[in-house]
2 protein chains.
Amino acid sequence: MTEQHPTQGRPLAGVSGAEGLSAATPELRDIPQATVTRLAAYLRVLGLLVDQGTHIVSSEELAAASGVGSAKLRKDLSFLGPNGVRGVGYDVSRLRGRIEQTLGLDRGHKVVLVGAGNLGQALAGYGGFGRRGFEMVGLFDIDPAVTGTQVGDLAVRHIDELDQACRELEATIGVIATPDDAAQDVCDRLVGAGLDCILSFSATSLDVPEHVESRRVDLAVEMQVLSFNSARNTGQVPVSPPALDHTEPRTQVRIGHAAHVPSAAKRNGSVIAP
Amino acid sequence: MTEQHPTQGRPLAGVSGAEGLSAATPELRDIPQATVTRLAAYLRVLGLLVDQGTHIVSSEELAAASGVGSAKLRKDLSFLGPNGVRGVGYDVSRLRGRIEQTLGLDRGHKVVLVGAGNLGQALAGYGGFGRRGFEMVGLFDIDPAVTGTQVGDLAVRHIDELDQACRELEATIGVIATPDDAAQDVCDRLVGAGLDCILSFSATSLDVPEHVESRRVDLAVEMQVLSFNSARNTGQVPVSPPALDHTEPRTQVRIGHAAHVPSAAKRNGSVIAP
DNA sequence: GTCTGTGAAGGGCTTCACAGCT
DNA sequence: AGCTGTGAAGCCCTTCACAGAC
């Protein structure tokens, strides 16, 4: 085997090891990979609902706001055990707590980022992390022209400090935002520093030891897939420039008036699970 | 229906429309969604191989360098028709051309980006696009503090110019790098401007008309999934801080000496298709 | 012998439809 | 009546194993 996730995901057989696992969580294994991805998406919507003061939400509403079908959503949630009340719906904040716990977000994750170039700096300054339970605690680069500079409220440190810093900071996630040809080396260093979650924005596929989880986001791949799907949709030969009048029905399923969605509109799930 | 891709992908039934399609391409439909994603990944590796002067590559080698299994790779390529020579392997540049054509990358895609904040500027400056067949032709923002400024060799224009500019520039792909609450509005404008491929980095799920393809990359989701998978791997209660000595076998499957991969190592496929 | 292409088997995920609770 | 939870069916995809071409 050389695969990461057998792409079809898998309810994880049971890593042997700890068999009598911790208390609160009834079933953490046996959650399909695809479901996990969507749980993260639901979580975000639930956060909005909480902010908005909504207490109860139906599967139909939550599903619409998340861009999935309601049956799929109910199935997904059912993997966490009973979460709603029949005839009523789901308790928003309770459900949110349940998902957070399941995803392991209750222990606050600390993130280090390697590669303080354009993308790295953008990611460092990206507020979405903190807002969703991740704290950026370290920035590293190998270029002396960048090390020492301040990005947000963090100073860029030299990558040689990575190992020690990761342990001191108790980092749990490493993000790679370096050029492609440095990615594997940086990855090795992150693994060496004891991290077991790695998110890479380089295009190269990384190889990591068995116990390390890695994911990759390749922007060019995203666009290429987009390109293909579009070509396929439009019947392959998009000659005629789009007409000026684009008046097609388009569903408004914003939170609040999410409802039975009419007909001809699509919503995008996260790329990871359309 | 409110779904985008029924998540399981689908070999596309046939959009009716053009039935006697263009010449060269024998079968463009009927390619599984999952395969499309990986084709984009293979393409990148093939590019490296070309640069490197390699002429022939075996499924085993290409697969290893792409982070997938060789059987899967052969199956994927088989959807494009015969591409290799039995007992020999694949002609690198021929295969590359075939995939490019299939993905519709031969017509050069032109990309406009909305949202010239941190992320937007980083994306605009990201060389990976051009290197892989996409040309960034326009940058837009709504903030007067940013419009007019130069990012790379493009000036940031006001979003009100979007519609006209898209048509003049013949853009085909729109990228959204705005704050979440502006995303749907920007998306609407892009669609209004005639684009039918949209890539969004906002967390909100966008709704688009039937004929538009949209994808979304949500960084927080990526990390949350990472978090979960890691928790699952490590037996869920990662109490003991990682030991100092991390000496595990790790496969080196870089291009060139890609080979029969030993044992205990994983490689990450693109997030989109692990 | 080597390596591709592919039918068939197996598994995961989605969808449907309804049982069951309030 | 309304909405959740879930077996079962079906689909898509992966994996296996080998036939077939060089």
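Quantities reported herein were computed from a predicted structural model and do not represent experimental measurements. The sequence lines fix the lettering, A, B, ..., with proteins before strands; numbering per chain opens at 1.
There is a side-chain donor-acceptor pair under 3.5 Å between B:Asp76 and B:Thr35. Side-chain contact check for B:Thr54 and B:Gln52: at least one donor-acceptor pair (N or O, by modelled atom type) lies under 3.5 Å.
Judged by closest nucleotide on DNA chain C, B:Tyr90 is the one of A:Asp76 and B:Tyr90 placed further toward the 5' end. In this structure, B:Val88 and B:Lys75 both approach DNA chain C, and ranking their closest nucleotides by distance from the 5' end singles out B:Val88.
Residues B:Ser202 and B:Arg216 approach most closely at O-CD, 3.3 Å, considering heavy atoms. When all heavy atoms of B:Ala40 and B:Arg132 are compared, the pair lying nearest together is O-NH1, 4.4 Å. Between B:Ile31 and A:Arg232 the shortest heavy-atom distance is O-NH1, 2.9 Å.
One can place CZ of A:Phe79 at 10 Å from C1' of C:dT14, the figure rounded to the nearest angstrom. For B:Leu77 and D:dT14, the CG to P distance is 13 Å, given to the nearest whole Å. When the C1' atom of C:dG11 is taken as reference, atom NZ of B:Lys72 falls 13 Å away, rounded to whole Å. Atoms CD (A:Glu60) and P (C:dT15) sit 13 Å apart, rounded to a whole Å. Rounded to whole Å, the distance from CG on A:Asn83 to P on D:dT6 is 10 Å. Across the protein-nucleic acid pair, A:Glu61 atom CD and D:dG2 atom P stand 14 Å apart, rounded to whole Å. In this structure, B:Asp91 atom CG and D:dC22 atom P are separated by 15 Å, rounded to whole Å. Following rounding to the nearest Å, B:Gln33 (CD) and C:dT14 (C1') show an atom-to-atom distance of 15 Å.
Checked by atom type and distance alone, the side chain of B:Asn83 never pairs as donor or acceptor with a backbone atom of B:Leu95 at under 3.5 Å.
The aromatic rings of A:Phe129 and A:Phe134 sit perpendicular to each other, their planes meeting at more than 60°, with 30° as the lower class boundary.
When distances run from any side-chain atom of A:Arg38 to the nucleotides C:dG5, D:dG5, C:dT14, the shortest one goes to C:dT14.
Taking only side-chain nitrogens and oxygens, B:Ser58 never comes nearer than 4.0 Å to OP1 or OP2 of C:dC3.
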Mind listing the N/O atom pairs, protein and nucleotides 17-20 of chain D, below 3.5 Å?
{"from": "D:dG20", "atom 1": "N3", "to": "B:Arg86", "atom 2": "NH1", "distance (Å)": "3.2"}

